[in-house]
Enquirer: 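My structure is below; once you've seen it, I'll send some questions.
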Amino acid sequence: VDYDKILATIDAQTKFNNTDMAMTVTVVSEKPGEDKSVMKATMFRRDSDDSFLMIIDQPAVDNGKAYLKSGDFTWMFDPKTKQTSSIKLSEKFQNTNADNGDFDASSLAEDYKVAKGEEVMLGKLEAYKLTLEARNNNVTYPKMELWVSKDKLLAQKQIDYAKSGRPSRIFVYQNWVKVQGHWLPKVQYIIDQITVGEKTQVNIENPSFSKISDEKFNKSYLEMISE
């Protein structure tokens, strides 16, 4: 089994290089002792040049806050202060278990090498289990375990490991749909492995595919959002 090829296929199947994409993203965060928080945003993605723009619509207190990744640079715009600040993809998104980088297109083959591959059962599903080690220091997690369905080569489960070597979080991918010749997980669960009871659900709805204005992926556009 060519596990490196499997890793490259995962990227190719989930990366929309041939079209721009817009979608509604809902992020539901649960933390022990706190009310459930629900955030809705409109997201624009251009995988061909590694860019995305996410504009928060709800809750009202965060309306107009925006996150922009353009190539190697990532910014956050706060409409209250009218300030744009540089942020890292490794930082938590809106105080949830999701990282800013989770909304970027998949680049597993570029960032990781397969240290071990094996054929396993994930429940009743025939799967490949890949143990991945980082190729560079730019990734948030130096080690990752990934379970991939044998039939369609789609990620089903993922464990991210912290630099200490302990599990940091578990990802579960559900409701894969094929659109425009590529695959999109409509539901993702992120379960914190450090703080018991913390979990985040990411839902993707209403994906659409048409040309998006270039200005939306420009830093100067952030300040226009609240005008």
Side-chain angles (χ1 to χ4, degrees), residues 4-27 41-55 66-76 87-94 96-114 130 132 134-141 144 146 148-149 152-158 160 169 171-190 200 202-219 221:
D4 290 319
K5 186 176 180 180
I6 289 173
L7 200 61
T9 300
I10 295 169
D11 291 339
Q13 291 193 137
T14 58
K15 206 165 187 175
F16 291 77
N17 278 332
N18 57 340
T19 180
D20 292 343
M21 176 167 50
M23 67 192 85
T24 302
V25 177
T26 303
V27 181
T42 302
M43 183 175 181
F44 305 91
R45 248 174 67 178
R46 178 173 289 171
D47 293 353
S48 60
D49 62 7
D50 205 18
S51 299
F52 71 77
L53 170 67
M54 186 178 296
I55 305 171
Y67 293 77
L68 171 66
K69 180 179 186 293
S70 182
D72 295 329
F73 301 96
T74 313
W75 298 278
M76 189 271 287
I87 60 173
K88 296 179 180 179
L89 292 176
S90 59
E91 294 173 354
K92 295 302 178 187
F93 175 75
Q94 289 290 108
T96 68
N97 299 119
D99 298 338
N100 294 326
D102 292 337
F103 300 97
D104 201 7
S106 179
S107 57
L108 289 171
E110 180 181 339
D111 294 331
Y112 292 90
K113 61 183 178 182
V114 181
L130 310 181
L132 308 179
R135 293 183 182 274
N136 56 64
N137 295 322
N138 298 327
V139 297
T140 306
Y141 305 99
M144 183 188 297
L146 185 66
V148 185
S149 61
K152 294 186 173 67
L153 299 183
L154 296 171
Q156 305 295 315
K157 178 183 175 182
Q158 170 182 322
D160 297 332
R169 59 184 192 162
F171 247 95
V172 178
Y173 300 88
Q174 293 186 350
N175 294 18
W176 284 95
V177 294
K178 194 169 189 178
V179 285
Q180 297 287 310
H182 298 272
W183 290 90
L184 194 65
K186 297 196 77 173
V187 181
Q188 301 167 62
Y189 295 97
I190 309 169
T200 300
V202 180
N203 295 340
I204 294 174
E205 300 171 294
N206 308 318
S208 61
F209 304 88
S210 57
K211 173 71 175 175
I212 295 170
S213 170
D214 293 344
E215 69 175 358
K216 274 191 166 65
F217 302 108
N218 194 299
K219 183 184 176 185
Y221 181 77

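Small disclaimer: the values here were computed from a predicted structure and weren't measured.
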Enquirer: Using a 4.5 Å cut-off on heavy atoms from C-beta on, say whether the side chain of Trp176 contacts that of Gln156.
Expert: yes
Enquirer: Checking Lys216 side chain against Asn218 main chain: does a donor-acceptor pair fall under 3.5 Å?
Expert: no
Enquirer: What's the shortest heavy-atom distance between Arg135 and Ala109, and which atoms?
Expert: NE-O, 3.2 Å
Enquirer: Is there a side chain to side chain contact (heavy atoms under 4.5 Å, CB included) between Leu184 and Phe16? Walk through the geometry before answering.
Expert: CA-CA 10 Å; Leu184 194 65; Phe16 291 77; 4.2 Å; yes
Enquirer: Any side-chain donor-acceptor pair under 3.5 Å between Gln158 and Asp160?
Expert: yes
Enquirer: Could you check whether Lys15 pairs with Asp47 (Lys NZ or Arg NE/NH1/NH2 to Asp/Glu carboxylate O, under 4.0 Å)?
Expert: no
Enquirer: Is there a donor-acceptor contact under 3.5 Å from the side chain of Asn100 to the main chain of Leu89?
Expert: no
Enquirer: Any idea which heavy atoms bring Gly71 and Ser51 closest together, and the distance?
Expert: N-OG, 3.8 Å
Enquirer: Can you confirm whether Asp104 sits close enough to Lys69 that some side-chain heavy atom of one is under 4.5 Å from a side-chain heavy atom of the other?
Expert: yes
Enquirer: For the atom pair OG (Ser213) and OH (Tyr221), what is the distance rounded to the nearest 0.5 Å?
Expert: 7.5 Å
Enquirer: Nearest 0.5 Å please: distance from the OH atom of Tyr189 over to the NZ atom of Lys157.
Expert: 15.0 Å
Enquirer: Identify the heavy atoms of Ser70 and Trp75 that sit nearest to each other, and give their distance.
Expert: CB-CZ3, 4.1 Å
Enquirer: If you take all heavy atoms of Met54 and Ala41, which pair is closest and at what distance?
Expert: CG-CB, 3.6 Å
Enquirer: Before accepting this row, confirm whether a basic side-chain N of the pair Asp20/Arg45 lies closer than 4.0 Å to the acidic partner's carboxylate O.
Expert: no
Enquirer: Less than 4.5 Å apart, any side-chain heavy atom of Val202 and any of Val187?
Expert: no
Enquirer: Using 0.5 Å steps for rounding, measure from the CG atom of Asn18 to the OG atom of Ser48.
Expert: 9.0 Å
Enquirer: Does any N or O in the side chain of Trp183 come within less than 3.5 Å of the main-chain N or O of Ile10, such that one atom is a donor and the other an acceptor?
Expert: no
Enquirer: To the nearest 0.5 Å, what is the distance between CG on Asn206 and CE on Met43?
Expert: 14.5 Å
Enquirer: Could you report the tightest heavy-atom contact between Tyr173 and Ala155, atom names first, then the distance?
Expert: CB-O, 3.4 Å
Enquirer: Can you confirm whether Lys92 is buried at NZ, in the sense that more than 12 heavy atoms of other residues, nucleotides or ligands lie under 6.0 Å from that atom?
Expert: yes
Enquirer: Please answer whether the main-chain N or O of Val172 pairs with a side-chain N or O of Gln174 as donor and acceptor at a distance below 3.5 Å.
Expert: no
Enquirer: Using 4.0 Å as the upper bound for N to carboxylate O, is an ion pair formed by Lys88 and Asp99?
Expert: no
Enquirer: Report yes or no: does Gln13 contribute a side-chain atom to a donor-acceptor pair with the main-chain N or O of Lys152 at less than 3.5 Å?
Expert: yes
Enquirer: Under 4.5 Å between any side-chain heavy atoms of Ile212 and Phe217, yes or no?
Expert: yes
Enquirer: Does the pair Phe171 and Asp102 meet the rule for a side chain to side chain contact (heavy atoms under 4.5 Å, CB included), with working shown?
Expert: CA-CA 10 Å; Phe171 247 95; Asp102 292 337; 3.7 Å; yes
Enquirer: Is the count of non-hydrogen atoms from other residues, nucleotides or ligands lying under 6.0 Å from Asp72 atom CG greater than 12?
Expert: no
Enquirer: Taking the side chain from Gln188 and the backbone from Asn203, do they hold a donor-acceptor pair closer than 3.5 Å?
Expert: no
Enquirer: Are Phe44 and Phe52 close enough that their ring centres sit under 6.0 Å apart?
Expert: no
Enquirer: Would the distance check show the side chain of Thr9 and the main-chain N or O of Leu7 forming a donor-acceptor pair, the cut-off being under 3.5 Å?
Expert: no
Enquirer: So which of Thr74, Leu53, Ile87 actually passes side-chain contact (heavy atoms from CB on, under 4.5 Å) with Tyr67?
Expert: Ile87
Enquirer: Checking Ile190 against Thr96 for the side chain to side chain contact (heavy atoms under 4.5 Å, CB included) test, could you report, in this order, the C-alpha distance in whole Å, the side-chain angles of both residues, the deciding distance, and whether it holds?
Expert: CA-CA 9 Å; Ile190 309 169; Thr96 68; over 6 Å; no
Enquirer: Are Met144 and Leu108 close enough that some pair of their side-chain heavy atoms sits under 4.5 Å apart?
Expert: yes
Enquirer: May I ask you to decide if Asn138's main-chain N or O and Asn136's side chain share a donor-acceptor pair within less than 3.5 Å?
Expert: yes
Enquirer: Measure the CE-CD1 distance between Met21 and Ile204 for me, rounded to the nearest 0.5 Å.
Expert: 7.5 Å
Enquirer: Would you find a donor on one side and an acceptor on the other, under 3.5 Å apart, between the side chain of Thr14 and the backbone of Ser106?
Expert: no
Enquirer: What verdict does the side chain to side chain contact (heavy atoms under 4.5 Å, CB included) test give for Asp214 and Arg46, after you've listed the backbone C-alpha separation in whole Å, the side-chain angles of each residue and the deciding distance to 0.1 Å?
Expert: CA-CA 10 Å; Asp214 293 344; Arg46 178 173 289 171; 2.9 Å; yes
